[in-house]
Amino acid sequence: MPELPEVEIHARNVHEWGVGRRIMGAEVRDPKLLPDLAELRTHLGARVAGVRRQAKYLLVDLEGVHTLTVHLRMTGKLVRDVYTAGEVSKATRLVLDLDDGTRIRFEDFRRFGRVWLCPSSEVMRLPELAGLGPDALLEPTSPERLIQIAGRSRRGIKVLLMDQALIGGLGNICAAEILYRAGVPPETPGNQLTGRQAAAIAAEIVPFLEWSIAEQSRRELIYLGEPGAENVFTVYGRRGEPCPRCGEAIIRSVLGGRGTYSCPGCQKAEG
DNA sequence: TAGTATGTTGGCGC
DNA sequence: AGCGCCAACATACT
């Protein structure tokens with residue numbers, strides 16, 4: 001269930017596997033994913049010119065100025081295997097075969113993922129991407145901007161961090177972990193955030209993202225909840241466990257309809 | 001069995 | 001307008 005770090009890892013993987021390679025085969029196994037298979041087929045033979053990430057979107061630029069945009073949503077993954085004729089799992093929604101025998105499969109058992117194909121010049125005009133705020137990693141949020149964003153809203157700071165129109169890329173895990181690092185309670189209304197708190201949050205965003213990317217790059221990417229997954233996070237998914245810093249039990253609450261993990265000892269209200 | 005799920009959109013009501 | 005809440009999407013694991 002990917003957020004910015006997981007999508008970044010996917011982007012790096014697909015870059016490594018695909019850049020300079022020609023896409024020689026495309027099989028859409030779920031028409032709902034990409035109804036216009038014929039359009040994709042017109043790009044067979046095109047080289048992959050580049051792979052980018054914008055917030056939680058993965059952009060595969062094809063030679064010939066078209067871009068394949070992918071959103072993995074909750075359970076999407078792009079995996080590589082060596083070309084084999086025949087069996088593909090039920091979760092496979094798209095198969096791309098490259099000219100060196102590499103096969104890239106889009107696996108997505110919950111089928112929430114989405115793919116778009118459009119001229120590269122129009123990518124950022126897709127309704128889904130047009131409303132995105134600055135990317136959390138590529139265009140770091142300054143304390144000043146965070147104060148500006150937060151000050152206008154009564155919503156909880158965690159909900160604000162997750163609002164893709166304000167900052168692109170942060171999801172439920174990132175928001176919880178960043179607020180834990182910053183020592184700020186997730187329910188703190190934006191307009192009650194102190195300058196110190198805003199500065200602490202802004203200072204933790206990029207370091208957390210870089211840590212998460214590096215940490216999860218060390219092994220095969222397995223989402224929490226999948227068999228064999230290892231929870232590398234400090235508070236997320238750890239209700240009842242002792243905080244490694246203060247020893248108090250991690251609590252779970254609900255904010256904006258999402259499970260929210262925090263440490264009552266380390267994240268105390270100010271002012 | 002009920003609860004939970006790292007995402008996003010759209011609707012309803014206050 | 002802003003905000004909270006809920007359902008929908010579809011499936012698996014505990």
Side-chain angles (χ1 to χ4, degrees), chain A residues 1-10 29-33 35 53-58 69-78 89-93 106-116 126-133 136-137 149-180 186-192 205 208-209 211-213 215-217 220-240 250-262:
Chain A
M1 289 149 246
E3 303 180 29
L4 186 155
E6 294 79 11
V7 180
E8 177 67 23
I9 291 168
H10 274 97
R29 302 185 56 82
D30 181 351
K32 212 176 145 189
L33 177 70
R53 179 193 58 74
Q54 187 70 37
K56 299 174 194 172
Y57 293 82
L58 183 68
T69 301
V70 180
H71 197 299
L72 303 168
R73 290 285 175 96
M74 293 289 269
T75 57
K77 275 186 178 179
L78 292 162
S89 88
K90 193 179 158 194
T92 301
R93 304 181 68 197
F106 181 34
E107 300 280 324
D108 181 24
F109 72 82
R110 277 176 81 176
R111 296 197 282 139
F112 286 169
R114 293 288 176 267
V115 172
W116 302 263
L126 289 173
E128 290 79 6
L129 280 84
L132 289 175
L137 187 60
I149 290 170
R152 285 192 247 115
S153 174
R154 302 187 304 277
R155 299 156 82 197
I157 183 60
K158 172 165 175 280
V159 174
L160 294 173
L161 290 178
M162 291 175 64
D163 185 335
Q164 301 302 296
L166 300 177
I167 301 175
L170 303 182
N172 204 21
I173 291 180
C174 292
E177 295 290 317
I178 287 164
L179 290 171
Y180 169 74
E187 68 277 7
T188 309
N191 59 9
Q192 288 178 31
I205 295 176
F208 170 76
L209 294 172
W211 171 85
S212 183
I213 291 165
E215 181 64 25
Q216 297 191 79
S217 296
E220 185 191 353
L221 192 49
I222 302 175
Y223 301 145
L224 286 182
E226 293 186 309
E230 181 190 347
N231 185 354
V232 299
F233 303 106
T234 310
V235 290
Y236 185 85
R238 297 195 183 278
R239 171 168 43 183
I250 304 299
I251 58 170
R252 179 187 186 273
S253 57
V254 176
L255 289 175
R258 314 299 301 277
T260 298
Y261 298 86
S262 59

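Keep in mind that what you see is a predicted model, and the values were worked out from it rather than measured. Proteins come first, then strands; the chains are lettered A, B, ... in the order of their sequence lines, and each starts at number 1.
Only the P atoms considered, B:dT4 is 13 Å distant from C:dC6, to the nearest whole Å. The separation of B:dA5 from C:dC5, taken at their P atoms, amounts to 16 Å, rounded to a whole angstrom. Taking atom P on both nucleotides, B:dA2 is separated from C:dA10 by 22 Å, rounded to a whole Å. Distance check on atom P: B:dG3 versus C:dA7 gives 13 Å, rounded to whole Å.
Between the CZ atom of A:Arg258 and the C1' atom of B:dG7 there is a distance of 6 Å, rounded to whole Å. Regarding A:Met162, its CE atom lies at a distance of 11 Å from the P atom of B:dA5, rounded to whole Å. For the pair A:Arg73 CZ and C:dA12 P, the computed distance is 19 Å after rounding to whole Å. The nearest whole Å value for the distance from the NZ atom in A:Lys77 to the P atom in B:dT6 is 16 Å. Rounded to whole angstrom, the span from the CG atom of A:Leu170 across to the C1' atom of B:dT6 amounts to 12 Å. Rounded to an integer number of Å, the gap from CG of A:Leu255 to C1' of C:dC3 is 14 Å. At whole-Å resolution of the value, CZ in A:Phe233 and P in B:dT6 are 12 Å apart. When rounded to the nearest whole Å, the span between CG of A:Asn231 and C1' of B:dT6 equals 11 Å.
Here B:dT6 sits opposite no nucleotide as a Watson-Crick or G-U wobble pair (both hydrogen-bonding atom distances under 3.5 Å). Judged by Watson-Crick or G-U wobble contacts below 3.5 Å, the nucleotide C:dA10 has no partner.
Here A:Phe112 counts as stacked on C:dC9: its ring centre is under 5.5 angstrom from the base ring centre and the planes meet at under 30°.
The A:Glu6 side chain lies nearest to B:dT6 when the options are B:dT6, C:dT11, B:dT8. Distance from the side chain of A:Arg155 is smallest for C:dC3 among the nucleotides B:dT8, B:dT6, C:dC3. Nearest nucleotide to the side chain of A:Leu224, out of B:dT6, C:dA12, B:dT8: B:dT6. In this structure, the nucleotide among B:dA5, C:dC13, C:dT11 sitting nearest to the side chain of A:Tyr261 is B:dA5.
Contact between the side-chain N/O atoms of A:His71 and the OP1/OP2 oxygens of B:dT8 is found at a separation under 4.0 Å. Taking only side-chain nitrogens and oxygens, A:Arg111 comes nearer than 4.0 Å to OP1 or OP2 of C:dT11. Between A:Tyr223 and B:dA5 there is no side-chain polar atom (N or O) within less than 4.0 angstrom of OP1 or OP2.
Using a 4.5 Å cut-off on side-chain heavy atoms (C-beta onward), A:Phe106 and A:Thr92 make no contact. Residues A:Ser153 and A:Leu160 meet the side-chain proximity criterion, which asks for heavy atoms closer than 4.5 Å. Side-chain contact between A:Thr260 and A:Val254 is absent, with no heavy atoms from C-beta onward closer than 4.5 Å.
When heavy atoms are screened at a 4.0 angstrom cut-off, A:Gly257 is found touching no nucleic acid atom at all. If you check every strand for non-hydrogen atoms under 4.0 Å, A:Ser153 touches sugar and phosphate atoms only.
Between A:Met1 and A:Leu224 the shortest heavy-atom distance is CE-O, 3.4 Å. Of all heavy-atom pairs between A:Gln164 and A:Ala55, the closest is OE1-CB, 4.3 Å.
None of A:Lys77, A:Arg93, A:Arg114 except one satisfies the side chain to side chain donor-acceptor pair (under 3.5 Å) rule with A:Asp108; the exception is A:Arg93.
The 5' end of DNA chain C is approached more closely, in terms of each residue's nearest nucleotide, by A:Arg154 than by the other of A:Arg154 and A:Lys32. Of the residues near DNA chain B, A:Glu128 and A:Met1, the one whose nearest nucleotide (by heavy atom distance) lies more toward the 5' end is A:Met1. Nearest-nucleotide mapping onto DNA chain C: of A:Gly256 and A:Gly225, the residue sitting toward the 5' end is A:Gly256.
A donor-acceptor contact under 3.5 Å links the side chain of A:Arg110 to the base of B:dA5.
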request  = Kindly indicate, with the supporting measurements, whether the criterion side-chain contact (heavy atoms from CB on, under 4.5 Å) is fulfilled by A:Tyr57 and A:Trp116.
outcome  = CA-CA 11 Å; A:Tyr57 293 82; A:Trp116 302 263; 3.9 Å; yes
